[in-house]
Amino acid sequence: MALELGLTGKVALITGGSEGLGRAMAQRLSAEGARVAICARREVVLRRAAAEIEAATGTPVLAMPLDITAPEAAARFVEAAVERFGRLDILINNAGTSAGGRFDAQDDAYWEGDFALKVFAAARCIRLAVPHMRRQGGGRILNIVNTAAKAPRPESLPTAASRAAGLALTKALAHEYARDRILVNAICIGVVKSMQWERQRLAQSPPPPPEEFYAQMAARAGIPLGRVGEAEELADLAAFLVSERAAYITGVAINFDGGRCPVV
Ligand SMILES: NC(=O)c1ccc[n+]([C@@H]2O[C@H](COP(=O)([O-])OP(=O)(O)OC[C@H]3O[C@@H](n4cnc5c(N)ncnc54)[C@H](OP(=O)(O)O)[C@@H]3O)[C@@H](O)[C@H]2O)c1
C-alpha cells in the first residue's frame with residue numbers, strides 16, 4: 001500500500017517559494033493536494049513559479065510578492081493565505097541565503113541582515129501562524145536551516161549563528177506547542193542543487209556543465225555519498241515531516257547532507 005501523507009486540502013505557507021528548495025517543496029505539497037501560498041521578492045519569477053506549479057498539479061497556488069523581512073510582510077502573507085484558503089496547517093520557514101566569509105571582514109549590518117531574515121522573520125511567521133493552527137487543533141512548522149547550526153566551520157558566520165538560533169527556536173517551540181499538537185521540526189541542509197548555486201555556476205566564464213560543477217562541489221565539500229542533494233529529494237523529506245504520517249515527530253533536526261555533518 002502506498003504511503004498516504006494526508007496532505008489533501010491542507011494549507012501550507014512557504015517563505016521563499018519561487019526558486020530552489022522552496023519551489024521544490026511547494027511543487028511537492030501541491031502535488032499531494034495541499035493548497036500552497038508562496039512569497040518572494042521578485043514578482044515575475046514568483047508568479048511564473050506559482051502558475052507553473054498550478055498548471056502541473058491542478059491545485060491553487062497563492063503568490064505573494066514581498067520581502068519577508070519588511071515590517072508587516074509576514075502579517076500580510078499569513079492573512080492573505082487564510083483569507084484565500086480559509087485555514088492554515090503548515091508553515092515552512094525557508095527563505096534565506098548563505099551568508100559567510102571571514103569574520104574580520106564583517107560588520108554589524110551584515111549580521112543584522114542575516115538575523116532579520118533567518119531568525120526574526122521566521123519567528124514572526126511562527127507567531128502569526130500559530131493562532132490559526134491552534135484553533136484548528138494542530139499544525140506543522142518546519143524550519144529549513146543548515147548543518148553549520150550543529151557543526152560550525154571556519155568562515156560560516158553569521159549563518160552558523162543564525163541557524164543555531166533556528167535550532168533553539170525549533171526545540172523550545174516544539175515543547176511549548178506540543179499541547180496544541182503543533183509539531184515543530186528542522187531540516188539541516190548540507191549542499192543541495194538550487195538557484196543560489198545555479199547563479200554561481202552561470203557567473204563563471206564560460207559556465208561549466210552542471211554535472212561537472214556539482215561534482216566538483218561535492219568533492220570539495222567531501223560529501224561521503226559523493227554527490228550534492230537534489231531539491232526533489234529534500235522536498236520528499238519535507239513533505240513527510242509536515243504530513244499526518246509524522247504525527248509523533250517533534251523537536252528534531254534532521255541532517256540532509258549526504259552524511260557530511262560530523263554531528264548526528
Ligand atoms: N541549497 C543549499 O545547498 C542550501 C544549503 C544550506 C541552507 N540552505 C537554505 O535553504 C533555503 C533555501 O535556499 P535555496 O538554496 O533554495 O536558495 P535559492 O535557490 O536562492 O532560493 C531562495 C528563495 O527564497 C526567496 N527569498 C530570499 N530572500 C527573501 C526575502 N527576504 N523575502 C522573501 N523571499 C526571499 C527567493 O526569492 P527572491 O530572491 O525573489 O526573494 C527564492 O525564492 C535557505 O534558507 C538557505 O539558506 C540551502
Side-chain angles (χ1 to χ4, degrees), residues 13-28 36-50 52-53 61 63-74 76-78 92-100 112-122 124-125 142-153 156 158-167 169-170 186-203 213-214 217-218 220-221 223 227-235 237-238 253-258 260-261:
L13 228 73
I14 303 176
T15 65
S18 65
E19 288 184 331
L21 312 187
R23 180 181 166 148
M25 291 187 283
Q27 177 109 20
R28 183 71 165 86
V36 178
I38 56 177
C39 73
R41 292 163 300 180
R42 286 164 300 153
E43 182 166 359
V44 173
V45 180
L46 176 74
R47 294 209 185 281
R48 190 169 57 224
E52 286 173 4
I53 295 170
V61 178
M64 285 288 290
L66 50 81
D67 179 340
I68 198 67
T69 63
E72 308 305 326
R76 278 177 42 225
F77 189 34
V78 170
I92 303 183
N93 281 312
N94 164 76
T97 189
S98 77
E112 281 162 9
D114 194 53
F115 272 70
L117 178 58
K118 296 172 182 167
V119 183
F120 286 96
R124 210 175 295 128
C125 285
L142 181 60
N143 296 317
I144 302 298
V145 301
N146 75 0
T147 51
K150 292 182 180 177
R153 289 166 179 270
S156 66
T159 286
S162 59
R163 292 322 199 176
L167 288 192
L169 200 64
T170 301
I187 299 178
C188 299
I189 313 266
V191 188
V192 182
K193 288 180 195 171
S194 74
M195 272 316 285
Q196 66 167 307
W197 304 131
E198 271 306 285
R199 278 190 290 273
Q200 281 191 14
R201 184 179 75 81
L202 296 171
F213 175 77
Y214 287 114
M217 215 170 184
R220 259 198 322 274
I223 298 171
R227 64 176 178 87
V228 305
E230 301 286 340
E232 292 71 25
E233 294 176 297
L234 181 270
L237 172 60
I254 299 178
N255 294 347
F256 184 81
D257 67 343
R260 182 182 181 222
C261 182

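Residues take their numbers from the sequence shown, with the count starting at 1. Atoms within a ligand are numbered from 1 in the order they appear, just like the ligands themselves.
Looking at atom 20 (O) of ligand 1, its nearest protein heavy atom turns out to be R199 NH2, 2.8 Å. Protein heavy atom at the shortest distance from atom 4 (C) of ligand 1 is I189 CG2, 3.6 Å. The nearest protein atom to atom 36 (C) of ligand 1, hydrogens excluded, is given as S18 OG, 4.2 Å; this is a heavy-atom distance. In terms of protein heavy-atom proximity, atom 31 (N) of ligand 1 is nearest to D67 OD1, 2.9 Å. The closest protein non-hydrogen atom to atom 32 (N) of ligand 1 is I68 N, 2.9 Å. When only non-hydrogen protein atoms are considered, atom 16 (O) of ligand 1 lies nearest to L21 N, 2.8 Å. At the shortest separation from atom 25 (C) of ligand 1 among protein heavy atoms lies G16 CA, 3.4 Å. Scanning all protein heavy atoms for the shortest distance to atom 6 (C) of ligand 1 gives N146 CB, 3.4 Å.
Proximity of G190 to ligand 1 is established by a heavy-atom distance of less than 4.0 Å. Not a single heavy atom of V45 lies less than 4.0 angstrom from ligand 1.
For atom 35 (C) of ligand 1, the nearest non-hydrogen atom from the set A95, A121, G113, G229 comes from A95. The heavy atom nearest to atom 38 (P) of ligand 1, considering only R163, E43, R42, is found in R42. Evaluated by nearest non-hydrogen atom to atom 44 (C) of ligand 1, the leading choice among I144, N94, L117 is N94. Here atom 18 (P) of ligand 1 lies nearest to Q196 when heavy atoms of R41, E198, Q196 are compared. Across T15, V191, L66, I187, heavy-atom proximity to atom 33 (C) of ligand 1 is greatest for L66.
If you number the atoms of ligand 1 from 1 as listed, the ones under 4.0 Å from a heavy atom of A40 come out as 33 (C), 34 (N), 37 (O), 38 (P), 40 (O), 41 (O). Using a 4.0 Å cut-off to heavy atoms of G20, the atoms of ligand 1 that qualify are 16 (O), 19 (O). Atoms of ligand 1 found under 4.0 Å from any heavy atom of W197 (numbered from 1 in listed order, with element): 1 (N), 2 (C), 3 (O). Residue-ligand proximity, E19 to ligand 1, at heavy-atom distances under 4.0 Å covers atoms 21 (O), 43 (O). Applying the 4.0 Å criterion to heavy atoms of M195 picks out, from ligand 1, the atoms 19 (O).
Between L117 and I68, some side-chain heavy-atom pair lies under the 4.5 Å cut-off. A heavy-atom distance below 4.5 Å is not found between the side chains of V119 and L169.
Interatomic distance, L234 CG to D257 CG, rounded to the nearest 0.5 Å: 11.5 Å. In this structure, CG on N146 lies 10.0 Å from CG on N255, to the nearest 0.5 angstrom. The CE atom of M195 sits 12.0 Å away from the CG atom of L21 when rounded to the nearest 0.5 Å. Put simply, NZ on K150 and SG on C188 are 4.5 Å apart, with the number rounded to the nearest 0.5 Å.
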>> With side chain to side chain contact (heavy atoms under 4.5 Å, CB included) as the criterion, how do I38 and V61 come out once you've worked through the C-alpha distance, each side chain's angles and the decisive distance to 0.1 Å?
In response: CA-CA 7 Å; I38 56 177; V61 178; 4.2 Å; yes
>> Between I53 and R23, does the side chain to side chain contact (heavy atoms under 4.5 Å, CB included) criterion hold? Intermediate values first, please.
In response: CA-CA 9 Å; I53 295 170; R23 180 181 166 148; 4.2 Å; yes
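A donor atom on one side chain and an acceptor atom on the other are found under 3.5 Å apart for S162 and D114.
By the salt bridge (charged side-chain N to carboxylate O under 4.0 Å, His left out) test, R227 is found to be paired with E233, residues two or more places apart in sequence or in another chain being considered. T69 is linked by a side-chain hydrogen bond (donor to acceptor under 3.5 Å, both in side chains) to D67, counting only residues two or more places apart in sequence or in another chain.
Within a 6.0 Å sphere centred on CZ of F120, other residues, nucleotides and ligands contribute 12 heavy atoms or fewer.
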